[in-house]
J.: 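What follows is a single structure, and I will ask about it in a moment.
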Amino acid sequence: MVYNRAGRRSAEEVMRVEFMEVVRQRRSVRKYRPDPVPQAKLDHMLEAARLAPSWANGQCWTFVVVTDVRVKNALAEAGNEWIEQAPVVIAACADPRKSGEKGDQHYYLLDIGIAMEHLVLAAAEQGLGTCWIGWFSEQKARKALGVPKKIRVVALTPVGYPEEELEARPRKSLGEIVRRDRWA
Ligand SMILES: Cc1cc2nc3c(=O)[nH]c(=O)nc-3n(C[C@H](O)[C@H](O)[C@H](O)COP(=O)(O)O)c2cc1C
């Protein structure tokens with residue numbers, strides 16, 4: 001552990017430890033308490049998303065923060081009924097024209113993935129639960145949110161205080177997912 005002259009851990013050490021703790025304790029939360037989420041906590045999450053890298057810095061994203069019960073219920077009907085118990089749902093939307101593509105790879109999906117994960121980790125850092133939602137009817141979500149046709153609704157996440165404590169889900173070992181120098 002690295003201490004500075006005042007006997008405290010250096011900013012670098014604090015950041016390193018806290019980052020991995022946040023990564024380790026994040027869970028996909030599917031049961032929420034009804035307690036409202038303070039605006040300052042939502043702002044902190046959105047700021048983390050704002051700072052994400054993106055293709056040519058295009059920042060193709062718009063985040064729709066939903067607290068209106070009618071809109072939230074309409075979003076829940078797009079595929080995941082249980083998200084309606086969360087006090088907030090955030091929809092991550094992309095304008096693909098503001099990102100790029102290489103052959104059949106559409107980078108707006110990556111841009112949103114990175115920004116959304118920043119947001120999710122900033123939620124975990126503050127004791128809030130989230131759950132990536134990719135399985136939903138985009139058509140219904142677009143209608144619920146009033147999103148124009150050229151904009152894609154890529155992912156949703158409920159946000160709120162977890163109702164339950166969850167065990168970490170299993171992950172493959174590094175040995176299974178890392179290869180040195182070449183695939184084979
Ligand atoms: C791109 C993406 C889409 C996902 N879509 C859904 C979904 O539609 N519904 C759901 O309940 N969970 C969804 N999940 C959550 C995963 O099931 C979850 O991350 C995985 O089981 C590992 O659990 P953990 O997040 O608690 O570690 C999604 C996760 C990702 C990254």
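Keep in mind that this is a model prediction, so the values were computed, not measured. Counting begins at 1 with the first residue of the sequence. For ligands, and for the atoms within them, numbers begin at 1 and follow the listed sequence.
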J.: Tabulation required: pairs of a nitrogen or oxygen in ligand 1 and a protein nitrogen or oxygen under 3.5 Å; columns are atom names and distance to 0.1 Å; otherwise 'none'.
T.:
unit_1   : atom_1 : unit_2 : atom_2 : d
ligand 1 : 5 (N)  : Trp132 : O      : 3.3
ligand 1 : 5 (N)  : Gly134 : N      : 3.0
ligand 1 : 8 (O)  : Gly134 : N      : 3.2
ligand 1 : 8 (O)  : Trp135 : N      : 2.9
ligand 1 : 11 (O) : Arg30  : NE     : 2.8
ligand 1 : 11 (O) : Arg30  : NH2    : 3.3
ligand 1 : 12 (N) : Arg30  : NH2    : 3.0
ligand 1 : 12 (N) : Trp132 : O      : 3.4
ligand 1 : 14 (N) : Trp132 : O      : 3.1
ligand 1 : 17 (O) : Arg30  : NH2    : 3.3
ligand 1 : 19 (O) : Ser28  : OG     : 3.3
ligand 1 : 21 (O) : Arg169 : NH1    : 2.8
ligand 1 : 25 (O) : Arg26  : NH1    : 2.9
ligand 1 : 25 (O) : Arg26  : NH2    : 3.2
ligand 1 : 25 (O) : Ser28  : OG     : 2.6
ligand 1 : 26 (O) : Ser28  : N      : 2.8
ligand 1 : 27 (O) : Arg26  : NH2    : 3.1
ligand 1 : 27 (O) : Arg171 : NH1    : 3.4
ligand 1 : 27 (O) : Arg171 : NH2    : 2.8

J.: So, do Ile177 and Leu174 sit near enough that their side-chain heavy atoms are less than 4.5 Å apart?
T.: yes
J.: Measuring from Trp82:CH2 to Glu84:CD, what's the distance to the nearest 0.5 Å?
T.: 11.5 Å
J.: Knowing that exactly one of Leu128, Thr130, Leu166 qualifies, which makes a side-chain contact (heavy atoms from CB on, under 4.5 Å) with Val29?
T.: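 Among Leu128, Thr130, Leu166, the one that satisfies the side-chain contact (heavy atoms from CB on, under 4.5 Å) with Val29 is Leu166.
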J.: Are any side-chain N or O atoms of Arg27 and backbone N or O atoms of Arg24, one a donor and one an acceptor, separated by less than 3.5 Å?
T.: yes
J.: Give me the other members of the hydrophobic cluster that Ile114 sits in, counting Ile, Leu, Val, Met, Phe, Trp and Tyr linked by side-chain heavy atoms under 4.5 Å, directly or via other members.
T.: none
J.: Output yes when a side-chain donor or acceptor of Glu125 lies under 3.5 Å from a complementary backbone atom of Phe19, and no otherwise.
T.: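 Flag not set: sc Glu125 to bb Phe19 has no pair under 3.5 Å.
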